[in-house]
Amino acid sequence: MAEPDWREHLYTLVAAIPPGTTTSYGALARQISGASARSVARALSQLPEGSRLPWHRVIRSDGRIADHPGRAEQTERLKAEGVFIRS
DNA sequence: AGTTTGACGGAGA
DNA sequence: TTCTCCGCCAAAC
């Protein structure tokens, strides 16, 4: 098959992240065959607004919030869940 | 077809 | 700890 549509897999994994916990792009990429940290990040960047995926629980491997326009919102949400963020 | 861009990661300074 | 450089990879120009 020419198209490794692992997006489904990615969505499943993201949806399975327990509240109050976080994971990283690279960690997800390692769980998905054919994906890389870059690919995962790009996939999430294209996520539609209506999706109920807890995308805010995906941060960088160093425990910081990734550089992106929704970074403020993500920080707020994580803070609301009591997640410790390296600042 | 070649270059740039980006919600990354890791090593080195 | 922060910054830079390089590798990776697909989409956009």
Side-chain angles (χ1 to χ4, degrees):
Chain A
M1 321 272 264
E3 306 231 0
D5 194 356
W6 41 263
R7 284 203 233 208
E8 291 275 339
H9 195 344
L10 173 62
Y11 297 152
T12 302
L13 292 175
V14 173
I17 303 173
T21 71
T22 59
T23 186
S24 69
Y25 303 89
L28 287 173
R30 284 195 171 79
Q31 298 168 66
I32 303 172
S33 172
S36 68
R38 241 26 210 220
S39 301
V40 171
R42 192 171 57 74
L44 291 182
S45 73
Q46 295 166 5
L47 218 56
E49 293 180 18
S51 71
R52 310 233 222 86
L53 289 178
W55 55 268
H56 56 273
R57 293 184 190 139
V58 183
I59 61 181
R60 289 184 20 167
S61 63
D62 57 354
R64 292 180 187 273
I65 304 298
D67 281 347
H68 73 99
R71 163 180 194 190
E73 184 185 334
Q74 180 170 20
T75 304
E76 290 278 311
R77 292 196 180 194
L78 290 178
K79 185 179 177 184
E81 292 187 358
V83 178
F84 175 77
I85 302 297
R86 228 186 258 243
S87 163

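Lettering follows sequence order; numbering is per chain, from 1.
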Check your understanding: Does the side chain of A:Q74 pick up a donor-acceptor pair with the side chain of A:H68 at under 3.5 Å?
Key -> yes

Study note, to complete from the structure: Rounded to whole Å, CG of A:D62 lies from P of B:dA11 at a distance of 13 Å

Review point. Rounded to whole angstroms, how far apart are CZ on A:R60 and P on B:dG9?
Key: 7 Å

Check your understanding: Just how far, in rounded Å, is C1' of C:dC9 from CG of A:L44?
Key -> 15 Å

Review point. Looking for any heavy atom pair under 4.0 Å, which part of the strands does A:S61 touch: base, sugar-phosphate only, or nothing?
Key: sugar-phosphate

Check your understanding: If you pin A:D67 and A:R30 to their nearest nucleotides in DNA chain B, which one's is more 5'?
Key -> A:D67

Check your understanding: Looking just at side-chain N and O atoms, do A:E76 and A:H56 make a donor-acceptor pair shorter than 3.5 Å?
Key -> no

Study note, to complete from the structure: Ranking B:dA7, C:dA10, B:dG9 by distance to the side chain of A:A37, first place goes to B:dG9

Practice item. Establish, with yes or no, whether the OP1 or OP2 oxygen of C:dT2 is under 4.0 angstrom from a side-chain nitrogen or oxygen of A:R64. Key: yes

Exercise for review: Decide yes or no on side-chain contact (heavy atoms from CB on, under 4.5 Å) for A:S39 and A:W6, but give the supporting numbers first.
Suggested key: CA-CA 10 Å; A:S39 301; A:W6 41 263; 3.6 Å; yes

Practice item. Starting at atom CD1 of A:I17, determine the distance to atom C1' of B:dA7, rounded to an integer number of angstrom. Key: 13 Å

Exercise for review: Run the numbers on A:L78 and A:F84 for side-chain contact (heavy atoms from CB on, under 4.5 Å), then give the verdict.
Suggested key: CA-CA 8 Å; A:L78 290 178; A:F84 175 77; over 6 Å; no

Check your understanding: Which of these nucleotides, C:dC9, B:dA7, C:dT2, is closest to any side-chain atom of A:S39?
Key -> C:dC9

Practice item. Starting from P on B:dA7, measure out to OH on A:Y25 and report it in whole angstrom. Key: 9 Å

Check your understanding: Between C:dA10, C:dC9, B:dA7, which nucleotide has the shortest distance from any of its atoms to the side chain of A:R42?
Key -> C:dA10

Revision key, fill the gap. In whole angstroms, the gap separating C1' of C:dA10 from CG of A:L10 amounts to 15 Å

Practice item. Identify which nucleotide among C:dT1, C:dC9, C:dA11 has an atom closest to any side-chain atom of A:R86, counting heavy atoms from C-beta outward. Key: C:dT1

**Study point:** Interatomic distance, A:Y11 OH vs B:dA7 P [rounded to whole Å]
**Key:** 16 Å

**Study point:** SB check A:E81 A:R77 (cutoff 4.0 Å)
**Key:** no

Review point. What's the CD1-P distance between A:I32 and B:dG9, to the nearest Å?
Key: 13 Å

